[in-house]
Amino acid sequence: MRGAVDQLLSREALSVDAGLDATPEEVLAHLREVAEREGSPAPTEQDAVVLSTLELTAVAGDPEGSTRMRDLDRDAPLDTALSVGFGGKDAVGIKKIAGETYVRIGVETVVQDVLLAGPARVNSAERFLRDVEELPPSLGPASRALRGAWALVDPLRYDQYANALNADRETVPAQTAANVAAALTDAAVLLEPHAQWELVEGLGRTLRSGTSLHRLEDERGAERYEVRLTAGAAERALAPLLSLLENQSERFGLPPVARVAADPDARVAAEMEIRNGVLSRIVFDVGQFHGPDAAPLPLRLDLNAGSAISLNPPPIEERLAPADLTVALMYLDLIERRREEDPGRGTLPVPVRP
């Protein structure tokens with residue numbers, strides 16, 4: 001097992017792709033059980049559908065692209081990236097490259113895949129994106145950001161970006177603006193090198209010690225093993241990802257899954273796959289945190305030695321300013337209001353930048 005973990009760190013980057021390996025019906029059963037235990041609002045079928053398609057991808061790598069992950073010092077800087085998606089395009093993407101932070105928000109994905117909106121709201125989102133294309137070159141950074149391209153941002157000004165998005169509540173609802181800023185803040189925490197190492201080393205320590213191993217039947221060319229460990233050890237190893245999953249779900253109005261072991265000393269099981277000598281997949285049923293009779297919810301972690309998201313910086317030089325967002329949204333709001341008054345009227349002059 002040690003060799004399989006070491007091989008995972010044998011390249012200059014590491015990728016972790018996480019998702020729920022369950023149908024919407026299985027997700028709903030689990031969510032209902034969690035809600036009953038915690039006294040929280042009952043989940044809906046829509047919640048279950050959205051969560052069943054949730055995808056989190058985290059990548060970390062050597063900025064120079066020359067040193068293997070296992071050979072890096074734990075205080076060495078890392079280039080990192082994270083994406084949050086829902087079975088389609090990314091809803092949120094964030095990169096930290098050479099000390100700079102880049103963000104991408106998929107408006108269309110949030111509307112279609114996360115909110116599962118009806119035709120009217122989808123049409124509204126598509127019209128919004130078409131209008132964004134009409135923004136003048138002087139608002140280039142804001143235009144790119146609003147249509148889902150990468151934007152260079154100041155991570156210390158997320159609240160100011162949210163306030164700019166919320167300047168016109170009809171264009172971007174207050175809660176949506178606040179959730180976007182909070183989602184980026186939560187995601188940014190996982191981009192810090194210490195958090196990346198905590199995830200990697202936590203999994204490694206858990207798999208190397210305090211566990212029992214049982215060989216299962218090989219599948220699709222991969223060696224399969226069942227690992228027995230305590231619920232507390234599993235909770236500690238998965239804590240970074242489960243916390244991010246909970247935070248991101250909350251930001252998009254989705255209910256939480258189980259992440260705290262009711263009995264830390266209880267024995268639980270995870271399944272692992274080793275392909276070509278490299279640890280490639282871990283599947284852990286988080287329902288086990290609530291006991292052997294709890295509704296199951298398998299969390300799947302696909303692990304890859306390499307970068308699933310490019311760690312090259314996007315070709316952007318100008319930083320997005322909150323004031324540019326304000327002006328861009330003023331312009332878009334004027335377009336929409338004039339369209340309502342006179343559908344045949346074209347675009348409008350650009351408002352004066354503050």
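Numbering starts at 1 and runs along the sequence shown.
No option in E217, E271, E273 other than E271 meets the side chain to side chain donor-acceptor pair (under 3.5 Å) test with R224.
Listed here is the closest heavy atom pair of A295 and H30: O-ND1, 3.1 Å. Smallest separation of non-hydrogen atoms from L152 and E317: CD2-O, 3.8 Å. The heavy-atom pair separating A60 from T80 by the smallest distance is CB-CG2, 4.0 Å. Residue G306 comes nearest to S15 through the heavy atom pair O-OG, 2.6 Å, listed as atom of the first residue, atom of the second, then distance. Closest approach of A35 to P41, counting heavy atoms only: CB-O, 3.6 Å. Nearest heavy-atom pair across V34 and S40 is O-OG, 4.4 Å.
Both L20 and V16 are members of a single hydrophobic cluster when ILVMFWY side chains are connected at heavy-atom separations under 4.5 Å. Both L303 and L213 belong to a common hydrophobic cluster when Ile, Leu, Val, Met, Phe, Trp and Tyr are linked at side-chain heavy-atom distances under 4.5 angstrom. A chain of hydrophobic side-chain contacts below 4.5 Å, direct or via other Ile, Leu, Val, Met, Phe, Trp or Tyr residues, connects L78 to L8. In the hydrophobic clustering of ILVMFWY residues, with side-chain heavy atoms under 4.5 Å counting as a link, L82 and V153 come out together. If you chain together hydrophobic residues whose side chains sit under 4.5 Å apart, I274 and I282 fall into the same group.
Between atom CG of residue L72 and atom CG of residue L14 there is a gap of 11.0 Å, rounded to the nearest 0.5 Å. Considering CD of E45 and CG of L28, their distance stands at 6.0 Å, rounded to 0.5 Å. We find the CZ-CG distance between R275 and D218 to be 10.0 Å, quoted to the nearest 0.5 Å. Atom CZ of residue R32 and atom CG of residue D47 lie 10.5 Å apart, to the nearest 0.5 angstrom. In this structure, L301 CG and L299 CG are separated by 4.5 Å, a value rounded to the nearest 0.5 Å.
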Test log, rule side-chain contact (heavy atoms from CB on, under 4.5 Å), inputs Q7 and L279: CA-CA 7 Å; Q7 284 299 311; L279 178 63; over 6 Å; no
Trace of the side-chain contact (heavy atoms from CB on, under 4.5 Å) decision for Y102 with I94: CA-CA 6 Å; Y102 303 86; I94 184 168; over 6 Å; no
Candidate pair K95 and T101, rule side-chain contact (heavy atoms from CB on, under 4.5 Å), full reasoning: CA-CA 6 Å; K95 293 183 178 184; T101 301; over 6 Å; no
Step-by-step side-chain contact (heavy atoms from CB on, under 4.5 Å) determination, S10 to R70: CA-CA 6 Å; S10 65; R70 68 186 181 197; 4.0 Å; yes
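By the 4.5 Å heavy-atom criterion applied to side chains, R228 and H214 are not counted as neighbours. Within the 4.5 Å cutoff, side-chain heavy atoms of T57 are placed close to those of I309. The shortest side-chain heavy-atom distance between I97 and L311 falls under the 4.5 Å cut-off. By the 4.5 Å heavy-atom criterion applied to side chains, D71 and R68 are counted as neighbours.
In this structure, the side chain to side chain contact (heavy atoms under 4.5 Å, CB included) partners of A149, at least two apart in sequence or on a different chain, are R144. For R300, the side chain to side chain contact (heavy atoms under 4.5 Å, CB included) partners at least two apart in sequence or on another chain are D17, D21, R281, V283, D302. Annotation: salt bridge (Lys or Arg N to Asp or Glu O under 4.0 Å) contacts of E100 (sequence neighbours excluded): R319. Shown here are the salt bridge (Lys or Arg N to Asp or Glu O under 4.0 Å) partners of R11, two or more places apart in sequence or in another chain: there are none.
Look at E226 and R215 and you find no salt bridge, because none of the NZ, NE, NH1 or NH2 atoms lies under 4.0 Å from a carboxylate O.
Crowding of E219 atom CD: a count of heavy atoms from other residues, nucleotides or ligands under 6.0 Å exceeding 12.
Under the 3.5 Å distance criterion, the side-chain polar atoms of E26 are matched with a main-chain donor or acceptor of T23. Panel note: side chain D79, backbone D62; no donor-acceptor pair is recorded below 3.5 Å.
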Return a table of donor-acceptor pairs under 3.5 angstrom between the side chains of residues 255-264 and protein atoms on other chains or two or more places apart.
{"from": "R259", "atom 1": "NH1", "to": "E246", "atom 2": "OE1", "distance (Å)": "3.4"}
{"from": "R259", "atom 1": "NH2", "to": "S243", "atom 2": "OG", "distance (Å)": "2.6"}
{"from": "D263", "atom 1": "OD1", "to": "D265", "atom 2": "N", "distance (Å)": "3.1"}

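Listed by first then second residue, pairs satisfying ring-ring contact (aromatic ring centres under 6.0 Å, His included) with a partner in residues 286-312 read F284-F289, not counting sequence neighbours.
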